[in-house]
Amino acid sequence: MTKTPPWQVCWEVLPQVSRSFALVIRWLPRRLDDAVMVAYLLCRIADTLEDSLRSLPEKRRWLARFADTLDEGTPEIPEKGYREDYRCLMTAVPEVLTCYRALPDNARAILRARVREMCEGMSKWADKEIGTLADQNDYCYYVAGLGGLLLTDLFHAYGFITDRD
(Lines give C-alpha, C1' and ligand atoms only; values in the text may rest on other atoms or scores of the structure.)
Protein backbone atom coordinates (compact mmCIF):
# COMPACT_ATOMS: atom_id res chain seq x y z
CA MET A 1 0.00 0.00 0.00
CA THR A 2 1.33 3.44 -0.95
CA LYS A 3 1.54 6.05 1.78
CA THR A 4 -0.03 9.43 0.99
CA PRO A 5 2.62 12.18 0.68
CA PRO A 6 2.70 14.61 3.66
CA TRP A 7 1.73 17.71 1.64
CA GLN A 8 -1.30 15.90 0.24
CA VAL A 9 -2.32 14.74 3.73
CA CYS A 10 -2.14 18.31 5.02
CA TRP A 11 -4.10 19.80 2.12
CA GLU A 12 -6.76 17.09 2.60
CA VAL A 13 -6.99 17.65 6.37
CA LEU A 14 -7.24 21.44 6.09
CA PRO A 15 -10.89 21.65 4.88
CA GLN A 16 -11.90 19.10 7.50
CA VAL A 17 -10.77 21.41 10.33
CA SER A 18 -11.48 24.80 8.75
CA ARG A 19 -14.44 25.87 6.71
CA SER A 20 -13.77 29.43 5.60
CA PHE A 21 -10.02 29.78 6.10
CA ALA A 22 -9.35 26.66 4.03
CA LEU A 23 -11.07 28.29 1.08
CA VAL A 24 -9.01 31.48 1.06
CA ILE A 25 -5.63 29.82 1.62
CA ARG A 26 -5.94 28.21 -1.81
CA TRP A 27 -6.12 31.69 -3.38
CA LEU A 28 -2.73 32.73 -2.02
CA PRO A 29 0.35 32.79 -4.25
CA ARG A 30 2.18 29.50 -4.67
CA ARG A 31 4.63 28.63 -1.84
CA LEU A 32 2.99 31.18 0.46
CA ASP A 33 -0.13 29.00 0.36
CA ASP A 34 1.85 26.02 1.71
CA ALA A 35 3.37 28.10 4.50
CA VAL A 36 0.01 29.56 5.55
CA MET A 37 -1.64 26.13 5.39
CA VAL A 38 1.05 24.67 7.66
CA ALA A 39 0.79 27.68 9.98
CA TYR A 40 -2.96 27.21 10.27
CA LEU A 41 -2.61 23.50 11.03
CA LEU A 42 0.10 24.08 13.65
CA CYS A 43 -2.09 26.66 15.40
CA ARG A 44 -5.12 24.37 15.15
CA ILE A 45 -3.11 21.53 16.74
CA ALA A 46 -2.15 23.80 19.64
CA ASP A 47 -5.75 24.94 20.02
CA THR A 48 -7.00 21.35 19.95
CA LEU A 49 -4.51 20.36 22.65
CA GLU A 50 -5.65 23.28 24.80
CA ASP A 51 -9.33 22.43 24.26
CA SER A 52 -8.80 18.75 25.07
CA LEU A 53 -10.64 16.98 27.86
CA ARG A 54 -7.44 16.26 29.79
CA SER A 55 -6.19 17.62 33.08
CA LEU A 56 -4.56 21.02 33.23
CA PRO A 57 -1.04 19.62 33.87
CA GLU A 58 -1.42 17.29 30.87
CA LYS A 59 -2.58 20.13 28.62
CA ARG A 60 0.35 22.27 29.67
CA ARG A 61 2.79 19.41 29.14
CA TRP A 62 1.40 18.67 25.65
CA LEU A 63 1.51 22.32 24.63
CA ALA A 64 5.10 22.68 25.81
CA ARG A 65 6.23 19.45 24.15
CA PHE A 66 4.48 20.34 20.93
CA ALA A 67 6.30 23.69 20.81
CA ASP A 68 9.60 21.99 21.74
CA THR A 69 9.38 19.38 18.98
CA LEU A 70 8.59 21.57 15.99
CA ASP A 71 12.10 21.29 14.58
CA GLU A 72 12.97 17.79 15.67
CA GLY A 73 11.43 14.86 17.42
CA THR A 74 7.84 13.81 17.74
CA PRO A 75 5.48 15.43 20.23
CA GLU A 76 3.36 13.41 22.61
CA ILE A 77 -0.07 13.53 20.99
CA PRO A 78 -2.77 11.51 22.72
CA GLU A 79 -5.17 9.60 20.50
CA LYS A 80 -8.27 10.58 22.45
CA GLY A 81 -9.56 13.43 24.54
CA TYR A 82 -10.65 15.99 21.96
CA ARG A 83 -13.52 16.55 19.57
CA GLU A 84 -13.99 13.80 17.03
CA ASP A 85 -13.93 16.24 14.11
CA TYR A 86 -10.30 17.09 14.92
CA ARG A 87 -9.10 13.49 15.09
CA CYS A 88 -8.02 13.62 11.44
CA LEU A 89 -5.70 16.52 12.28
CA MET A 90 -4.33 15.01 15.45
CA THR A 91 -3.44 11.78 13.65
CA ALA A 92 -1.70 13.83 10.92
CA VAL A 93 0.69 15.67 13.26
CA PRO A 94 3.74 13.81 11.84
CA GLU A 95 2.82 14.93 8.31
CA VAL A 96 2.22 18.52 9.45
CA LEU A 97 5.64 18.56 11.11
CA THR A 98 7.26 17.06 8.00
CA CYS A 99 5.77 19.87 5.91
CA TYR A 100 6.78 22.50 8.48
CA ARG A 101 10.35 21.17 8.43
CA ALA A 102 10.41 21.41 4.62
CA LEU A 103 9.62 25.14 4.64
CA PRO A 104 12.39 27.71 4.10
CA ASP A 105 14.41 28.66 7.18
CA ASN A 106 12.88 32.12 7.47
CA ALA A 107 9.32 30.74 7.40
CA ARG A 108 10.17 28.11 10.01
CA ALA A 109 11.71 30.77 12.27
CA ILE A 110 8.48 32.78 12.09
CA LEU A 111 6.28 29.78 12.76
CA ARG A 112 8.52 28.49 15.55
CA ALA A 113 8.38 31.80 17.43
CA ARG A 114 4.67 32.46 16.93
CA VAL A 115 3.50 28.89 17.65
CA ARG A 116 5.67 28.75 20.79
CA GLU A 117 4.21 32.05 21.99
CA MET A 118 0.70 30.79 21.23
CA CYS A 119 1.29 27.54 23.13
CA GLU A 120 2.66 29.47 26.11
CA GLY A 121 -0.31 31.86 26.08
CA MET A 122 -2.84 29.06 25.78
CA SER A 123 -1.16 27.27 28.66
CA LYS A 124 -1.31 30.44 30.73
CA TRP A 125 -5.06 30.88 30.06
CA ALA A 126 -6.03 27.19 30.30
CA ASP A 127 -7.26 27.57 33.89
CA LYS A 128 -8.06 31.28 34.04
CA GLU A 129 -11.33 33.06 33.52
CA ILE A 130 -11.62 36.34 31.71
CA GLY A 131 -12.66 38.86 34.34
CA THR A 132 -11.49 42.20 33.02
CA LEU A 133 -11.03 43.99 29.73
CA ALA A 134 -7.27 43.59 30.16
CA ASP A 135 -7.79 39.81 30.57
CA GLN A 136 -9.90 39.74 27.43
CA ASN A 137 -7.29 41.64 25.46
CA ASP A 138 -4.50 39.38 26.67
CA TYR A 139 -6.47 36.21 25.90
CA CYS A 140 -7.49 37.48 22.45
CA TYR A 141 -3.89 38.35 21.66
CA TYR A 142 -2.87 34.70 22.11
CA VAL A 143 -5.80 33.07 20.32
CA ALA A 144 -6.34 35.60 17.51
CA GLY A 145 -3.81 38.42 17.48
CA LEU A 146 -0.85 36.10 17.10
CA GLY A 147 -2.51 34.64 14.02
CA GLY A 148 -2.60 38.07 12.42
CA LEU A 149 1.03 38.72 13.31
CA LEU A 150 2.02 35.31 12.00
CA LEU A 151 0.30 35.96 8.67
CA THR A 152 1.82 39.42 8.37
CA ASP A 153 5.28 37.97 9.07
CA LEU A 154 4.80 35.24 6.44
CA PHE A 155 3.54 37.69 3.81
CA HIS A 156 6.59 39.83 4.50
CA ALA A 157 8.99 36.87 4.41
CA TYR A 158 7.63 35.75 1.05
CA GLY A 159 7.90 39.27 -0.38
CA PHE A 160 4.21 40.11 -0.66
CA ILE A 161 4.41 43.07 1.69
CA THR A 162 7.38 45.32 2.29
CA ASP A 163 8.62 47.58 5.03
CA ARG A 164 7.42 51.18 4.92
CA ASP A 165 10.07 53.85 4.79
Engineer: Trp11 and Asp34: side-chain donor and acceptor closer than 3.5 Å?
Structural biologist: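 Checked: Trp11/Asp34 side chains pair up, N/O donor to acceptor below 3.5 Å.
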Engineer: Rounded to the nearest 0.5 Å, how far apart are CG of Leu41 and OG of Ser18?
Structural biologist: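 One gets 9.0 Å once the value is rounded to the nearest 0.5 Å.
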Engineer: So does Arg30 have more than 12 non-hydrogen atoms from other groups sitting under 6.0 Å from CZ?
Structural biologist: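 Correct, the count exceeds 12.
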Engineer: Is it true that Asp153 and Arg114 have a side-chain N and a carboxylate O under 4.0 angstrom from each other?
Structural biologist: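 Between Arg114 and Asp153 there is a salt bridge, with a charged N closer than 4.0 Å to a carboxylate O.
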Engineer: Rounded to the nearest 0.5 Å, how far apart are CG of Asp85 and CZ of Arg87?
Structural biologist: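 It is 10.5 Å, given to the nearest 0.5 Å.
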Engineer: Does NZ or CZ of Lys59 come closer than 6.0 Å to the centre of the six-membered ring of Trp62, within 45° of the ring's axis?
Structural biologist: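 No; the conditions do not both hold, so Lys59 does not lie above the ring face of Trp62.
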Engineer: If we ignore angles and hydrogens, is there a donor and acceptor under 3.5 Å between the side chains of Glu12 and Gln16?
Structural biologist: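 There is no such pair between these side chains.
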Engineer: Kindly check if the number of other-residue, nucleotide or ligand heavy atoms within 6.0 Å of CZ (Arg101) is above 12?
Structural biologist: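 Counting neighbours around CZ of Arg101, more than 12 heavy atoms of other residues, nucleotides or ligands fall under 6.0 Å, so yes.
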Engineer: Is it true that Lys3 and Glu95 have a side-chain N and a carboxylate O under 4.0 angstrom from each other?
Structural biologist: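 Salt bridge between Lys3 and Glu95, a charged N being under 4.0 Å from a carboxylate O: yes.
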Engineer: Does Thr69 use its side chain to pair, donor to acceptor, with the backbone of Gly73 at less than 3.5 Å?
Structural biologist: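 A pair under 3.5 Å: no.
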Engineer: Within this structure, what is the CD1-CD distance for the pair Ile130 and Gln136, rounded to the nearest 0.5 Å?
Structural biologist: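 Going from the CD1 atom of Ile130 to the CD atom of Gln136 covers 6.0 Å.
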Engineer: Just by distance, no angles: are the side chains of Glu58 and Ser55 close enough, under 3.5 Å, to form a donor-acceptor pair?
Structural biologist: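 Yes.
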Engineer: Classify the side-chain pair Glu117/Tyr141 by whether it contains a donor and acceptor separated by less than 3.5 Å.
Structural biologist: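 Yes, Tyr141 and Glu117 have a side-chain donor paired with an acceptor closer than 3.5 Å.
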Engineer: Can you tell me how far the CE atom of Met37 sits from the CG atom of Leu42, to the nearest 0.5 Å?
Structural biologist: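 Separation between the atoms: 9.5 Å.
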Engineer: If you apply the rule side chain to side chain donor-acceptor pair (under 3.5 Å), what do you find for Asp135 with Trp125, and how did you get there?
Structural biologist: CA-CA 9 Å; Asp135 289 348; Trp125 279 98; over 6 Å; no
Engineer: Please lay out, stage by stage, how Leu63 and Arg60 fare under the test side chain to side chain contact (heavy atoms under 4.5 Å, CB included).
Structural biologist: CA-CA 5 Å; Leu63 286 164; Arg60 287 185 169 146; 5.6 Å; no
Engineer: Are any side-chain N or O atoms of Ser123 and backbone N or O atoms of Glu120, one a donor and one an acceptor, separated by less than 3.5 Å?
Structural biologist: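 Side chain of Ser123 to backbone of Glu120: no pair is present.
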Engineer: Classify the angle between the aromatic ring planes of Phe160 and Phe155 as parallel (below 30°), tilted (30 to 60°) or perpendicular (above 60°).
Structural biologist: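 If you compare the ring of Phe160 with that of Phe155, the planes turn out perpendicular.
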Engineer: Under the criterion side chain to side chain contact (heavy atoms under 4.5 Å, CB included), I'd like the reasoning laid out for Val96 against Leu89: C-alpha separation, chi angles, the key distance, then a yes or no.
Structural biologist: CA-CA 9 Å; Val96 175; Leu89 172 62; 4.3 Å; yes
Engineer: Consider only side-chain N and O atoms of Asp33 and Trp27, and report whether a donor and an acceptor are under 3.5 Å apart.
Structural biologist: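 Absent: no donor and acceptor within the cut-off.
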Engineer: Classify the side-chain pair Tyr100/Asp71 by whether it contains a donor and acceptor separated by less than 3.5 Å.
Structural biologist: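 Result is yes, a qualifying pair exists.
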Engineer: Check this for me: does any side-chain nitrogen of one of Asp105 and Arg108 sit under 4.0 Å from a carboxylate oxygen of the other?
Structural biologist: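 Salt bridge flag = yes for Arg108 with Asp105.
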